[in-house]
Amino acid sequence: MLPHKARRVCDSPAPCTSGLTASRSVRVPASVGDPLSAVETPALVCDLDKAETNIRHFEDTMRDFPSVRLRPHFKSHKSVDLCKVQLQSPLVSGFCCQKTSEAEAMAEAGINDILLTNEVVVERKINRLLGLLQRHETLRLAVLVDDPSEASKLSSFAAHAQVELGVLVELDCGGGRCGVTSVQECVSLAQTLHALPALRFRGIQAYHGTAQHLRTPQERKAAIDSVLLTLREVRSRLSELGVPCAEITGGGTGTYLHEAASGVYTEVQAGSFRFNDVDYGANQDAHGVQLSDSEWQFSLSVLSTVMSRNERQRKCVTDAGMKAHSVDSGPPRLLHAVEGAEVRNGGDEHLIITYPEGIAVPQLGSQVSVVPGHCDPTVNMHDFLVATRQGVVVGVFPLARGPGF
């Protein structure tokens with residue numbers, strides 16, 4: 001499924017600018033064939049064997065819903081190499097992303113079905129997206145809309161570029177971010193999009209982000225059930241008006257089974273399941289067991305090196321601080337769990353790990369792997385993903401990261 005061999009992005013772990021748009025150099029942390037012990041830290045590492053296990057488990061859970069497709073989120077891994085691998089799955093309809101730059105990275109790599117799950121309102125970014133449609137004749141590209149005036153602007157720009165841009169209405173499912181907030185708004189905007197030239201109305205985006213980390217499956221199902229009532233009414237009214245609504249898309253790693261079983265959603269947007277993280281791993285299955293212990297393996301970690309230790313205080317300090325992993329969902333945890341160990345943030349460049357009595361404190365220069373609390377923003381902190389099998393580097397994948405352009 002995932003490659004056993006992969007190209008080197010550079011001949012050696014030396015300064016390299018391959019695939020970068022800014023005039024800066026970055027250091028490749030490893031070369032293909034290196035043992036994990038030779039990887040320069042802090043480094044983002046993916047165990048491909050564990051990632052494959054997660055992918056197979058996801059596919060198994062979707063067997064009961066053959067009409068529902070998967071549109072994985074690019075933002076969780078930001079790697080076109082992993083996208084190309086996932087396209088081998090019959091479940092995958094295309095990919096979604098959050099930023100114009102992510103859509104560009106995928107389109108230029110030959111991925112031809114992309115949904116940008118965000119509103120794009122800046123003229124320069126709109127023109128960049130339309131330029132992708134001009135350069136790639138087979139590209140199927142869509143964006144989200146939640147405002148009629150923006151719909152008119154998109155139509156005008158697309159007509160001028162002589163391309164057709166796909167559009168979906170975004171429904172606010174309870175996250176309080178973007179999206180229309182009522183059935184009437186959703187239906188009215190869908191009618192507008194359907195009528196405007198150079199736009200193709202494709203359906204509704206209904207992603208309930210705040211439901212993804214509700215801990216029990218009962219809580220997660222209740223949150224999605226409330227959204228389904230709205231979607232069924234929207235779909236019914238659009239049908240009465242003769243407005244086709246071919247796609248209803250949403251759902252994440254925490255809730256995708258509820259969306260898939262609904263009979264309403266045509267595709268789910270889960271992405272983090274490939275990696276898992278501390279936050280998703282803390283969700284519970286139907287038996288009250290954490291998903292990290294029952295379903296999803298931790299395939300993503302940040303490899304770090306012990307730079308200081310204090311035997312009396314039972315602690316060591318590694319080089320994986322807040323610049324190496326996100327702390328918005330709490331601190332990371334040890335990849336190889338140690339009962340009684342405490343992992344806490346030590347600032348920009350430091351991670352502090354305290355060990356219980358009876359457990360050896362790692363030596364200076366030794367490596368420690370930690371699982372990030374939140375995989376998406378952690379990936380965005382790194383230029384490369386080091387792919388491994390059985391402790392050996394088999395690929396070093398450039399990442400299409402950045403702040404939001």
Side-chain angles (χ1 to χ4, degrees), residues 1 46-73 76-77 86 89 91 173-175 206-229 231 250-265 267-301 326 328-343 356 369-376 378:
M1 182 177 291
C46 176
D47 184 321
L48 295 184
D49 294 320
K50 291 181 179 179
E52 286 178 355
T53 298
N54 289 340
I55 291 171
R56 286 193 297 269
H57 175 69
F58 183 92
E59 292 176 339
D60 288 343
T61 63
M62 290 290 287
R63 292 188 192 281
D64 292 335
F65 317 108
S67 64
V68 181
R69 305 294 299 280
L70 169 64
R71 184 177 290 277
H73 231 304
S76 66
H77 61 65
Q86 284 194 288
S89 170
L91 282 179
C173 297
Y207 173 70
H208 198 334
T210 55
Q212 302 309 310
H213 299 287
L214 296 174
R215 293 308 178 205
T216 70
Q218 294 80 15
E219 290 175 304
R220 298 193 293 274
K221 182 179 185 301
I224 300 307
D225 283 347
S226 67
V227 178
L228 296 178
L229 295 173
L231 289 174
T253 295
T255 66
Y256 74 92
L257 283 177
H258 303 304
E259 284 94 349
S262 69
V264 174
Y265 282 78
E267 61 184 25
V268 293
Q269 298 176 356
S272 298
F273 69 89
R274 289 161 297 208
F275 289 156
N276 197 13
D277 57 30
V278 174
D279 204 351
Y280 269 122
N283 282 359
Q284 298 173 10
D285 65 14
H287 305 288
V289 179
Q290 288 193 347
L291 293 180
S292 59
D293 295 324
S294 64
E295 294 191 30
W296 306 116
Q297 296 193 26
F298 291 124
S299 70
L300 185 76
S301 62
S326 169
D328 63 296
S329 296
R333 52 152 282 181
L334 292 171
L335 175 61
H336 304 292
V338 174
E339 186 175 356
E342 178 188 2
V343 181
S369 293
V370 294
V371 178
H374 189 180
C375 59
D376 296 14
T378 296

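Start at 1 with the first residue, then count along the sequence.
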Q) Between T253 and S272, is there a donor-acceptor pair closer than 3.5 Å when you use the side chain of the first and the backbone of the second? A)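 Checked: pair present.
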Under the ring-ring contact (aromatic ring centres under 6.0 Å, His included) rule, collect the residues that match up with [X], sequence neighbours excluded.
X	answer
Y265	none
H77	F74
F58	Y256, F273

For the residue pair [X] and [Y], establish whether any side-chain heavy-atom pair is separated by less than 4.5 Å.
X	Y	result
K50	F298	no
S299	N54	yes
R220	N283	yes

Would you compute the distance between atom [atom1] of [X] and atom [atom2] of [Y] and round it to the nearest 0.5 angstrom?
X	Y	atom1	atom2	answer
L300	S369	CG	OG	10.5 Å
N276	E295	CG	CD	10.0 Å
D285	T216	CG	OG1	11.0 Å
D64	L257	CG	CG	9.0 Å
E259	F65	CD	CZ	11.0 Å
C173	L228	SG	CG	9.5 Å

Only counting residues at least two apart or in another chain, list the ones meeting side-chain hydrogen bond (donor to acceptor under 3.5 Å, both in side chains) with [X].
X	result
H336	none
H374	D328
S76	R274
K221	D225

Restricting to side chain to side chain contact (heavy atoms under 4.5 Å, CB included), what partner residues turn up for [X], sequence neighbours left out?
X	result
A282	R215, Q290
R69	S93, E267
V278	R333, V371
S89	E59, L91, V92

**Q.** Residue list, salt bridge (charged side-chain N to carboxylate O under 4.0 Å, His left out) with D60, at least two apart or on another chain
**A.**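 Checked D60 against salt bridge (charged side-chain N to carboxylate O under 4.0 Å, His left out); matches are R63.
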Looking at every non-hydrogen atom in both residues, tell me the closest pair between [X] and [Y] and how far apart they are.
X	Y	answer
D47	D49	OD1-N, 3.0 Å
A211	A223	CB-CB, 3.7 Å
T378	S326	OG1-N, 3.0 Å
E219	L214	O-CD1, 3.6 Å
G373	S329	O-CB, 3.7 Å
V68	A260	CG2-O, 3.7 Å

Q.
For W296 and H57, take the angle between the two ring planes, folded into 0 to 90°, and tell me which bin it lands in: parallel under 30, tilted 30 to 60, perpendicular over 60.
A.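 Aromatic pair W296/H57 classed perpendicular.
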Q.
Let's go through V268 and M62 carefully: what are the C-alpha distance in whole Å and the side-chain angles of both, what is the deciding distance for side-chain contact (heavy atoms from CB on, under 4.5 Å) to 0.1 Å, and is it a yes or a no?
A. CA-CA 10 Å; V268 293; M62 290 290 287; 4.1 Å; yes
Q: Assess whether side-chain contact (heavy atoms from CB on, under 4.5 Å) is satisfied between T255 and H208, documenting all intermediate values.
A: CA-CA 9 Å; T255 66; H208 198 334; 5.9 Å; no
